[in-house]
Amino acid sequence: MDTLFAICATYQVDDGHAAGFMLMRKEPDGGARPWPILIARKGNHFFGFENACPHQGSRLDTVPGEFMDEDGNFITCGNHHAQFDLDTGHCFIGPCQGQALTPIKLIIDDGDVCLSGIDLAEEDGLDIPEPDEVPEVQITSD
Ligand code: FES
């Protein structure tokens, strides 16, 4: 089985939102190149794509806060308001209509969103702090 590489914990991507991550991917010549990806969430489903628009190759999250539509149903390009289907990455409106984002297979393992079968150049590129506190548990009685 391929090694799993944890990108983030599931709780770090809110329902109806997407988060971008910058990874480093190994090249066949031994070098490495930046590899921006995005992880979107709808309920308990997670969707991974390369964060590169099919029409310009640029990242979709260049405008902060506009990674998904306000109902959390579609990935959006903050610059051009193109919209992409969560399941397929297919662009149904915008300058790249008819094209699609490149999907990335995600595996949910023990509360983490993971990649598999991708040769990454480094494994410490995640810039997300661990939470300092465990959620408080309250015990109540009637
Ligand atoms: S970069 Fe392609 S729709 Fe915005």
Side-chain angles (χ1 to χ4, degrees), residues 1-140:
M1 185 177 147
D2 286 324
T3 304
L4 294 181
F5 176 75
I7 304 301
C8 63
T10 52
Y11 69 80
Q12 291 173 306
V13 183
D14 291 332
D15 187 11
H17 292 271
F21 300 89
M22 182 61 77
L23 306 179
M24 294 295 286
R25 190 169 183 171
K26 277 188 190 162
E27 294 287 280
D29 66 3
R33 71 175 166 91
W35 191 50
I37 70 166
L38 67 89
I39 295 173
R41 177 175 188 173
K42 187 72 180 175
N44 283 327
H45 297 279
F46 292 82
F47 307 89
F49 296 97
E50 291 188 359
N51 188 0
C53 179
H55 105 275
Q56 278 189 340
S58 54
R59 290 171 54 171
L60 299 171
D61 57 341
T62 52
V63 177
E66 293 197 34
F67 220 148
M68 289 185 70
D69 71 304
E70 54 186 39
D71 295 326
N73 290 322
F74 308 107
I75 296 165
T76 63
C77 170
N79 279 322
H80 309 100
H81 308 292
Q83 293 197 323
F84 302 83
D85 182 75
L86 271 180
D87 285 317
T88 63
H90 180 83
C91 178
F92 58 91
I93 189 166
C96 45
Q97 187 171 357
Q99 297 176 277
L101 300 172
T102 302
I104 298 169
K105 184 180 174 199
L106 300 177
I107 296 171
I108 306 302
D109 181 64
D110 198 23
D112 289 329
V113 185
C114 303
L115 290 175
S116 177
I118 305 281
D119 215 2
L120 296 174
E122 55 186 55
E123 299 189 357
D124 59 354
L126 305 184
D127 195 19
I128 298 175
E130 290 290 319
D132 294 335
E133 299 175 9
V134 175
E136 196 173 311
V137 176
Q138 293 187 342
I139 300 174
T140 60

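Since we're looking at a predicted model, the values are computed, not measured. All ligand and atom numbering here is 1-based and tracks the order in the structure.
- Taking 4.5 Å as the limit, some side-chain heavy atom of Leu86 sits within range of a side-chain heavy atom of Ile75.
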Sequence neighbours excluded and cut-off under 3.5 Å, please list the side-chain donor-acceptor pairs for residues 88-109, or say none.
from: Thr88; atom 1: OG1; to: Asp85; atom 2: OD2; distance (Å): 3.1
from: Thr88; atom 1: OG1; to: His90; atom 2: N; distance (Å): 3.1
from: Gln97; atom 1: NE2; to: Phe92; atom 2: O; distance (Å): 3.3

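- At a threshold of 4.5 Å between non-hydrogen side-chain atoms, the residues Asp112 and Leu4 do not count as touching.
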Identify all side-chain donor-acceptor contacts of residues 43-51 below 3.5 Å with residues at least two apart in sequence or on another chain.
from: Asn44; atom 1: OD1; to: Arg41; atom 2: NH2; distance (Å): 3.1
from: Glu50; atom 1: OE2; to: Trp35; atom 2: NE1; distance (Å): 3.1
from: Asn51; atom 1: OD1; to: Leu60; atom 2: N; distance (Å): 2.8
from: Asn51; atom 1: ND2; to: Asp61; atom 2: OD1; distance (Å): 3.0

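- With sequence neighbours excluded, the residues satisfying side-chain contact (heavy atoms from CB on, under 4.5 Å) with Asp119 are Lys26.
- Rounding to the nearest 0.5 Å places CZ of Arg59 at 11.0 Å from CD1 of Ile37.
- Near ligand 1, Cys53, His55, Gln56, Ser58, Cys77, His80, Ala82, Pro95 each place a heavy atom less than 4.0 angstrom from the ligand.
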